[in-house]
Amino acid sequence: MNVCVIGTGYVGLPTGVGFAELGNKTICVDKIEEKIAALNDGKITLFEEGLEELFHKNVANGNLKFTTATSEAVPNADIIIIAVGTPPNPATKEADMRYIYEAASEIAEHLSGYTVIATKSTVPVGVGDEVEKIIGGKNPKADFDVVSMPEFLREGFAVYDFFNPDRVVIGTNRDRAKTVIEALYGSYKQKPNILYTSRKSAELIKYASNAFLAVKIHYINEIANLCEKVGANVYEAAKGMGLDSRIGSKFLNPGPGYGGSCFPKDTNALAYLARKANVDLTIVETAIKGNDNRKIDMARRIIDAAKGIAGASIAILGLAFKGGTDDVRESPAIEIIAELLKNGFKIKAYDPKATQSAKAVLGDRIEYAVSVNDAAKDADILVVLTEWEEFKSISLKELQMRTKIIVDLRKTFDKRIAQADGFTYIGIGE
Ligand code: NAD
């Protein structure tokens, strides 16, 4: 099939590469000329495990192309997948649909033959209707259907998730569109099950799912706080809770708060949608507020650990919002560092992949280390903020710190081993 993907970010690029790998002629469009120039130059623009290899392979075999010109990419497409950003409006926190509507309007004039337009970006309920109106208004002769195709990939596992989706949800009631969708997913070795819903339900499923996971994270963080006060252990509690199949063990890891480009933005957008519809979504509102406070509380925990150390310097391990990605959008690490900087601490940070992205946000306000040992050298406090696998094999004995204090917000180390190695260990919920 001929696939066109609009937007080459954390969703669009793995999607384009994935459909190309499945044998579809895929062309990816982005507005940012430097991004497309880099991709056309054989340089991958973001980190996802396994993506680079598939990218090179499919560029070489001619299945994958990149352009800035919608006019070049759209006319031949059987399906156009919109994967542009839907950032929060800074004032209201509602999802800003500007890029979606721009993309719809750019697509409209170049449509040729029957085309399915699939919105993969996370959009509020009803945006599919709006996209349909924009395209129909600009090009009344166009033959098209707009479907909702929400994305559920996990950053850090985008390639794995593309080829092994838990679920594929498609919002449409149009048979012609379903035939195109079936053909597209027919290119999988094993065709995933597709759940067809109304377009609006599909749009809602994405927000309701993300908000549910955010609430679950916030819940275990609050249980962790309670454990600290009453002498229980949150890891034992989470294990015991997770054995109940109705609860499930995932997303029961306490930490410094959820972050990333999705949970904060999508919880806010859902809460906004509910307020506008005069519906109480108090549980989501509470999680949003609690998660904001969580990051400040965790910064406070580090500040308290530094009490009594003159000119304390802090080694930070992890800048990405989670392990396996170079994405620092809404990363708790960035917010906690900002709070520490306000309090005058000297910081040296190490992240296996996210140093460049973090530099774009934090600039030279902190130092960047090239390894764990480099970050920890002469530091007073070692703080773990991202759950990178690499950190689990750190040998604490080898770190040349000035003072041996660990604030472990990701349960990277075993408390007893750290203590046996002479460290003061401050964790979460135990
Ligand atoms: P991103 O910011 O990484 O990428 C968006 C890209 O779209 C940018 O490169 C931008 O230049 C491009 N773009 C914007 N307008 C364009 C236009 N008119 N034509 C061509 N390109 C255009 O965003 P992302 O993280 O990939 O997220 C995209 C959407 O997917 C969002 O709605 C997000 O909520 C949703 N989503 C993201 C994830 C995730 O893990 N990142 C997961 C599921 C869903």
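Listed for the D30 side chain is a donor-acceptor partner under 3.5 Å among the backbone atoms of T8.
At a threshold of 4.5 Å between non-hydrogen side-chain atoms, the residues I80 and L111 count as touching. Here the side chains of E109 and N139 are not in contact, with every heavy-atom distance at 4.5 Å or above. Residues Y10 and T325 are in side-chain contact: their nearest non-hydrogen atoms beyond the backbone lie under 4.5 Å apart. At least one side-chain heavy atom of L46 sits under 4.5 Å from a side-chain heavy atom of L51. Contact annotation: the side chain of N24 approaches that of S187 to within less than 4.5 Å [non-hydrogen atoms, C-beta and beyond]. A 4.5 Å side-chain heavy-atom check between K411 and E430 finds at least one atom pair inside the cut-off.
Partners of K239 according to the salt bridge (charged side-chain N to carboxylate O under 4.0 Å, His left out) rule, which considers only residues two or more places apart in sequence or in another chain, do not exist here. Here E106 pairs with K31 under the side chain to side chain donor-acceptor pair (under 3.5 Å) rule; sequence neighbours left out.
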Item checked: Stepwise side-chain contact (heavy atoms from CB on, under 4.5 Å) check, K348 with K377 -> CA-CA 9 Å; K348 192 164 183 182; K377 189 155 185 335; over 6 Å; no
Notebook entry, point to check: What do the steps show when you test E339 against K295 for side-chain contact (heavy atoms from CB on, under 4.5 Å), and what is the final call?
Noted result: CA-CA 9 Å; E339 201 57 32; K295 290 169 270 185; over 6 Å; no
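A donor atom on one side chain and an acceptor atom on the other are not found under 3.5 Å apart for D374 and Y368.
Ion pairing between a basic and an acidic side chain is recognised when a charged N comes within 4.0 Å of a carboxylate O; E203 and K200 show no such pairing. No salt bridge links E72 with K65; every basic N to acidic carboxylate O contact stays at or beyond 4.0 Å. One finds a salt bridge joining K191 and E182 here, because a Lys/Arg side-chain nitrogen approaches an Asp/Glu carboxylate oxygen to under 4.0 Å.
Cation-pi check for R410 over F391 is not met; the charged atom does not lie both under 6.0 angstrom from the ring centroid and within 45 degrees of its normal. Judged by the 6.0 Å distance and 45° axis criteria, K353 is positioned over the aromatic ring of F47.
Ring-centre distance between Y188 and Y185: below the 6.0 Å cut-off.
The aromatic rings of F19 and F162 sit perpendicular, their planes meeting at an angle over 60°, well past the 30° parallel limit.
Within 6.0 Å of NZ on K178 lie more than 12 heavy atoms contributed by other residues, nucleotides or ligands.
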